[in-house]
There are 2 protein chains.
Amino acid sequence: MAAGASALAQKLSRFLPLKPDELESLAGLEARRRAIPAHTELVHERQTGHQAFILLEGWACAYKLLPDGGRQVIDFSIPGDFMGLRSVLLRTSDHAFAAVSDILVAEVSAGQMIDTFQRRPRLAAAILWAASRDEAMVVEHLVSIGRRSALVRMAHLLLELGLRLQLVGLGSPGGYACPLNQYLLADALGLTAIHVNRVLRQLRERGLVTLREEQVEFHDPAGLHSLAGYHTGYLDQGEGPAS
Amino acid sequence: MAAGASALAQKLSRFLPLKPDELESLAGLEARRRAIPAHTELVHERQTGHQAFILLEGWACAYKLLPDGGRQVIDFSIPGDFMGLRSVLLRTSDHAFAAVSDILVAEVSAGQMIDTFQRRPRLAAAILWAASRDEAMVVEHLVSIGRRSALVRMAHLLLELGLRLQLVGLGSPGGYACPLNQYLLADALGLTAIHVNRVLRQLRERGLVTLREEQVEFHDPAGLHSLAGYHTGYLDQGEGPAS
DNA sequence: CGGCAAGTTGAACCGCCTCAATGACGGTGG
DNA sequence: CCACCGTCATTGAGGCGGTTCAACTTGCCG
């Protein structure tokens, strides 16, 4: 893989080494770029219009709002992630997207997607693999919220984000830059910001992990894995074709 | 659509009216049938071997087990649902499947799937639409567990199952047959069976809905919708092609 | 300097859990 | 035929995890 390849190209190459013509098609999907400032809503819930985004730089999140004003963050998007791929087939978007930090995205129309899928089946398979992996992450998230304690949930999330970032060349085993504040973490984990604060304190006091000044630092990765009961199976960190 | 068509054919036809040759291919996917008794595990977590199932009759559930013995049900499968579609691309299944009642399934190999996708692009789009819809349901489920009270969660689940069943010709606006016991509901909603019991009692005493002898009866659909803050957008109950 | 967003901490409350027990039902074997 | 069992539903009492409300701090920016 060429140096300087996009985060998405890096990620897909883990599943399937991409050929020059496939990389070219991928670059075509990433051509129509747009910078978006932090805290902007890209897509609102139930928005029609079939287009997806590829996140090139920065962090975003997918979420749903509730009638009572509450918010549930479905997942966080990092460079190399598709956003809104589902709305290419569904009539409307089933959730909203917002920029967490300043971000750079590529807009992809439904037509472009379908065209690429027909002309580049291997690339299509790789993109569907990535989408399946994202789905598996949502499922793991659901399990977290349903059956794990707040402490374990937080540990799990911080570990998962670390692994995902490493796959696209951001972050290291020791930590990573993380623009998420405690409100966002709370809405992701189904907690209040206040309790997130207490949970982070516990993790810090146990010498496991620190989140300070937008930086996550793992002090005891083994201890954290053990606390979180973490196994990476669902992430399928690609070691060649699955089939 | 022909009378007596499979539940899956009924469902897909809502998205895209299927042509005879497409219905034939679909029937081909549903040909290799197998009866499975209740409470049997079809696929265990991290199972390799790329195959999917189409549920033809009965109910099943997808779930993950936790180290502490807990269980989180990801979703329930009803006739016309695919199970394990994701494991066609992912190296291993990211969760387990079990039969809730006695069921009848069709086994579909990864090769068969890929072959059908290449030869019948319209059918492929319809199947991906159904898969996107399933994903949207998992997302809604996540929102429920993360941000809704136990009472609202339960109301939401019972309503959603009702709508899904109606789409494949099972159940009516007044209710439906439901083989789920309180333990299963608890593991789906992130509660204990004991609390499920109390929640069901509340719903009953408020005159909204009853679950007795494997039968759900809606006594006040409007009141239930209002309590659940239910809107059907994410279900995309198909009224013709989306694109 | 004043204002706002984000983080931190304490105290009281409550939704849901845990532990414990009881009842209803169908199946099974003596 | 009935004693026995396992499964499921039901109910009570007490406890804990996480919420709610209410400060107070810190840092940033105009």
Side-chain angles (χ1 to χ4, degrees), chain A residues 37-40 59 61 66 68-73 98-102 144-157 178-205 209-216 227, chain B residues 37-40 59 61 66 68-73 98-102 144-155 157-158 177-205 209-217 227:
Chain A
H39 313 301
T40 310
W59 290 46
C61 69
L66 287 107
D68 66 4
R71 177 173 67 161
Q72 177 65 51
V73 169
V100 170
S101 60
D102 290 341
S144 263
I145 295 181
R147 286 284 183 235
R148 296 201 249 250
S149 71
L151 196 72
V152 174
R153 254 183 276 186
M154 177 67 79
H156 209 274
L157 176 61
C178 172
L180 307 177
N181 65 28
Q182 298 184 352
Y183 292 88
L184 224 29
L185 288 170
D187 285 341
L189 298 175
L191 301 171
T192 52
I194 295 169
H195 201 61
V196 163
N197 185 291
R198 300 195 225 269
V199 163
L200 286 174
R201 170 150 55 115
Q202 271 195 64
L203 289 173
R204 195 188 324 130
E205 285 173 353
V209 59
T210 316
L211 169 51
R212 237 180 46 240
E213 293 166 22
E214 311 214 327
Q215 188 73 29
V216 171
L227 170 68
Chain B
H39 313 302
T40 310
W59 290 45
C61 68
L66 287 107
D68 66 4
R71 178 174 65 161
Q72 177 64 50
V73 169
V100 169
S101 60
D102 290 341
S144 264
I145 294 181
R147 285 286 182 235
R148 296 201 249 250
S149 71
L151 195 71
V152 173
R153 239 131 91 184
M154 176 67 78
L157 176 61
L158 295 178
C178 172
L180 306 177
N181 65 28
Q182 299 184 351
Y183 292 87
L184 224 29
L185 288 170
D187 285 341
L189 298 174
L191 302 170
T192 53
I194 294 170
H195 202 62
V196 163
N197 185 290
R198 298 195 225 267
V199 164
L200 286 174
R201 169 149 57 113
Q202 272 196 63
L203 290 173
R204 195 189 322 129
E205 285 172 354
V209 59
T210 316
L211 169 52
R212 236 181 48 243
E213 294 167 23
E214 312 212 329
Q215 188 73 27
V216 171
E217 279 175 32
L227 170 68

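Here is the naming used below: chain letters follow the sequence lines, and residue numbers restart at 1 for every chain. Since we're looking at a predicted model, the values are computed, not measured.
- Side-chain atoms of Arg153(A) and Val199(A), non-hydrogen and from C-beta on, never get closer than 4.5 Å to each other.
- Using a 4.0 Å cut-off, no side-chain N or O of Arg198(A) falls inside it from OP1 or OP2 of dT9(C).
- Between the P atom of dC17(C) and the CZ atom of Arg147(A) lies a distance of 7 Å, rounded to the nearest Å.
- OP1 or OP2 of dT10(D) has at least one side-chain nitrogen or oxygen of Gln182(B) nearer than 4.0 Å.
- Residues Arg148(A) and Asn181(B) both approach DNA chain D. Their nearest nucleotides, taken by heavy-atom distance, put Asn181(B) toward the 5′ side.
- Between Ile145(B) and Gln72(B) there is a side-chain heavy-atom pair separated by less than 4.5 Å.
- Here Leu191(A) lies in heavy-atom contact (under 4.0 Å) with sugar-phosphate atoms only.
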request  = Any chance you could lay out the side chain to side chain contact (heavy atoms under 4.5 Å, CB included) test for Arg71(A) and Leu184(A), step after step, and finish with the verdict?
outcome  = CA-CA 9 Å; Arg71(A) 177 173 67 161; Leu184(A) 224 29; 3.3 Å; yes

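- The shortest distance between the side-chain N/O atoms of Asn197(A) and the OP1/OP2 oxygens of dG7(C) is not below 4.0 Å.
- In this structure, Asp187(B) and Arg147(A) have side chains that are in contact, with non-hydrogen atoms separated by less than 4.5 Å.
- The nearest heavy atom of DNA chain C to Leu200(A) and to Ala150(B) marks one nucleotide each, and the one closer to the 5' end goes with Leu200(A).
- For the OP1/OP2 pair of dG18(D) and a distance below 4.0 Å, the side-chain nitrogens and oxygens of Thr192(A) include no atom meeting the criterion.
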